[in-house]
Peer 1: 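My questions will all concern the structure given below.
First the proteins, then the strands, lettered A, B, ... as listed; each starts at 1. Remember, it's a predicted structure, so these values are computed and weren't measured experimentally.
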4 protein chains.
Amino acid sequence: MAKGVNKVILLGNVGKDPEMRATQGGTVVANFTLATADRQKDQTGNWVDKTEWHNLIAFGRTAEIVRDYVKKGSQLYIEGKIQTRSWDDKESGQKKYRTEIIVNDMSLLGGRAGGEGGGQYSGGRSSGGYSQGGGNYGNTTSFDQRTPQNDFANEGITDDDIPF
Amino acid sequence: MAKGVNKVILLGNVGKDPEMRATQGGTVVANFTLATADRQKDQTGNWVDKTEWHNLIAFGRTAEIVRDYVKKGSQLYIEGKIQTRSWDDKESGQKKYRTEIIVNDMSLLGGRAGGEGGGQYSGGRSSGGYSQGGGNYGNTTSFDQRTPQNDFANEGITDDDIPF
Amino acid sequence: MAKGVNKVILLGNVGKDPEMRATQGGTVVANFTLATADRQKDQTGNWVDKTEWHNLIAFGRTAEIVRDYVKKGSQLYIEGKIQTRSWDDKESGQKKYRTEIIVNDMSLLGGRAGGEGGGQYSGGRSSGGYSQGGGNYGNTTSFDQRTPQNDFANEGITDDDIPF
Amino acid sequence: MAKGVNKVILLGNVGKDPEMRATQGGTVVANFTLATADRQKDQTGNWVDKTEWHNLIAFGRTAEIVRDYVKKGSQLYIEGKIQTRSWDDKESGQKKYRTEIIVNDMSLLGGRAGGEGGGQYSGGRSSGGYSQGGGNYGNTTSFDQRTPQNDFANEGITDDDIPF
DNA sequence: TTTT
DNA sequence: TTTT
C-alpha cells in the first residue's frame, strides 16, 4: 500500500521556551507549542479571532536547532505530520490520546523572538543528519538528560515512538 | 494580528461510513475517519508500514457531499485545518481533548469506494454555499436528526463549536 | 470531472514594489515577484544557495491589499495556484508562455519591509469580497488606470484571463 | 538567509507517456505533463471547467519509478517545487523561459492507468537514494540513452541544472 | 530584483 | 502559553 499523505503546514508563534529531553537511545527531543491565529465568523456573523494551539515535537538534528534558536515568541513556519499517540492513564485507567505534529521542516521567521538577537535557521530535509548517538551537550545546554528513560514515563512514550 | 496558517493535507482511505448529525441550528455535520499509510524505518532500520488515523469533521454543504458520496473505503484527498476541542468528562471529571481535522476541501479519488459505482466530487472552496437552514433530508437519508441538540452532548459540542 | 488539485505555497521576499493595473472591467490587478531561497547540493557536493524567482499576480481585494501593504523586501507567505498563459508574440511570431502564481491567500510576515512601519495583513479566503466594480481609487493611489484596457496588451491578457 | 519555501502540490492526470532521458553524468531524467482540472466562474457567472497543464521533471530514483509505473492517464499526487529555467533560443535569439515542477514526492492513485494493471508506488523522501551512476537499464527499458549528453541540447539543459 |  |  503506502500511498498516503499526511502533511501539516503551520505558521505561528511559539508559546513557551521548548522543553528538551532525550530518549533512552540518546536521541534529542524537543517539545513546544505553537499558536496559529485564525479569523472566523461567529454565529452573529462577526469576525472573531481564534487561536489554535498545537503540540509540536522534533527529533534529532531538528530538535537541536529548536534548542538553539527557538524560544517563546518565535515566529515559525513548520512542515510536519500529524501523529496521535495513546496510552493507558495509570491513575484513571482511562485511555488517553495526545495528538502532536512531528516537525520535519522549519523556518525561523523574522518575528520578535524573546531576546537578544535571534538566530536564523531554515531546516532542510534534515537529510540523513539525525544524530542518534546522543552527544556531549548534556552540560552545555539547559536540559537535564540524566534520566532520559524517564522523561516521558508519565505519558508512556518510548523509543518505539521515535519515527525513524 | 491574524497571520497564522493552519493547514492540513491528507490522502488516504475512509475507515467507516460517515456518521451524520446536525446541530441545534440545523447545520449538517459529518464525522468520519481517514487512514493515511506511512512507511518509516524502525529501530533496526527496516521499513515498516504504519497507519495513522485521523478524525475528520465536515459541516454544511461539505457534510452533505460526504453523506452522498463518501463511504467506507473511499480514497480521499482532503484539505483542512487542525482543531482541538476540550471538555470536562462527566464521569471521570477529567479534562478531555479531541483533535479533529475540519474539512475545507475534498476530492474523491478513483479508489474502490465500498459499493455500487462511487460518486465523483471535488469540493471547491464551498464558497458561501453552506446550507445552514437544515433541510428536508431527514427521512430520505440514513441519519436521524430528531434530537440533533443531543448528538454531541457526551463530548460537549455545541453550536459554538461550528467554525462559521 | 474536476478532481484536480493545483496548489502552491511560497515563503520569500518581494523583489520590487508591486505594479498595479486594472482590467477593462475595473478589477484591480497586482503584479509582483517573490524570491524563494533554496539550499541545494552542487555537483561537488557543496551546499550552495539558489534563489528562485516567481511571478505573482493578485486580483480584486487581494490586489488592493498588496497595493497597500506589500513593497520591495516584504517577507510574504503565499498560497495560490499555478497558471500558464500563452500568446503569440507580435514581433517574432513565436508562441510565448508565462507562468504565474495566482495569489489566493497571503500573510505578511515580520520581515523588514522597505519603510516606515509596515502594515500587517493576513488574507483570508477573500470570501466573496472581490470588488469587481472598480472604485474611485484612481487618484488616491499610485497607479494610473485611465487606459486599463491597454495594460496587458503586449502580452495579450484580457478580462477573460481573470480567474473569477 | 535560506528561509524560503517553494512547494507545489498537484493532483491530476498524466497527459502522455513520460519521456525518459539521461544527463551526461548518467542521471535518469523523466519528463511528463500533468493536467489539473479546475472549476471556476467565468464573467457571466457560470461554472466552467478549465484544465491547467504542468511540466513535470523527475530525477534519479524518482525518475526510474516514473519510468516503471507512470503512463498516459495515470492519476498522480505530486509534491515538488517550481523552477524556471531560461536559455537563449538559437534561432530567434530571444530569451526563452520554461517553468517546471521538480518532483520530490509522488503517489500513484487508483486512476485508470493506461494499461495492464498499474503499479502502485508512493515515493518517500527519496532520502539519499538517488542513483546517480546510471545503471544497466539501458536496454531493458523503452528509452534510448546512447547520446544522453545531447538530450536537452536544444533547450540548454546541462548537468548544472540537476538540483542535487 | 529580494533576503540573511 | 504566543502574536498584533
Peer 1: Once you round it to whole Å, what is the distance between C1' of E/dT1 and CG of C/L56?
Peer 2: 13 Å
Peer 1: Rounded to whole Å, how long is the line connecting atom CG of C/L10 with atom C1' of E/dT2?
Peer 2: 13 Å
Peer 1: What distance separates A/L10 CG from A/I101 CD1, expressed to the nearest 0.5 Å?
Peer 2: 5.5 Å
Peer 1: Who are the side-chain hydrogen bond (donor to acceptor under 3.5 Å, both in side chains) partners of B/D88, not counting sequence neighbours?
Peer 2: none
Peer 1: As an exercise, state the distance from CG of C/L76 to CZ of C/F32, rounded to the nearest 0.5 Å.
Peer 2: 5.5 Å
Peer 1: Separation of A/K16 atom NZ from F/dT1 atom P, in whole Å?
Peer 2: 7 Å
Peer 1: Are C/W53 and the base of E/dT2 stacked, counting only ring centres nearer than 5.5 Å and planes tilted under 30°?
Peer 2: no
Peer 1: Just the rounded figure in Å: distance from P of E/dT1 to CG of C/N31.
Peer 2: 18 Å
Peer 1: Which nucleotide in the list F/dT2, E/dT2, F/dT1 gets nearest to the side chain of A/T33?
Peer 2: F/dT1
Peer 1: To the nearest Å, give me how far apart CD1 (A/I101) and P (F/dT2) are.
Peer 2: 20 Å
Peer 1: Who passes side-chain hydrogen bond (donor to acceptor under 3.5 Å, both in side chains) against A/S92, sequence neighbours left out?
Peer 2: A/D89, B/Q94
Peer 1: Write down the distance between NZ (A/K72) and C1' (F/dT3), rounded to a whole number of angstrom.
Peer 2: 12 Å
Peer 1: How many Å lie between CG on A/L34 and P on F/dT3, as a whole number?
Peer 2: 12 Å
Peer 1: Find the distance A/D17:CG to F/dT2:C1' and express it as a whole number of Å.
Peer 2: 12 Å
Peer 1: Measure from the side chain of A/N13, starting at C-beta and using heavy atoms only, and say which of F/dT3, E/dT1, E/dT2 lies closest.
Peer 2: F/dT3
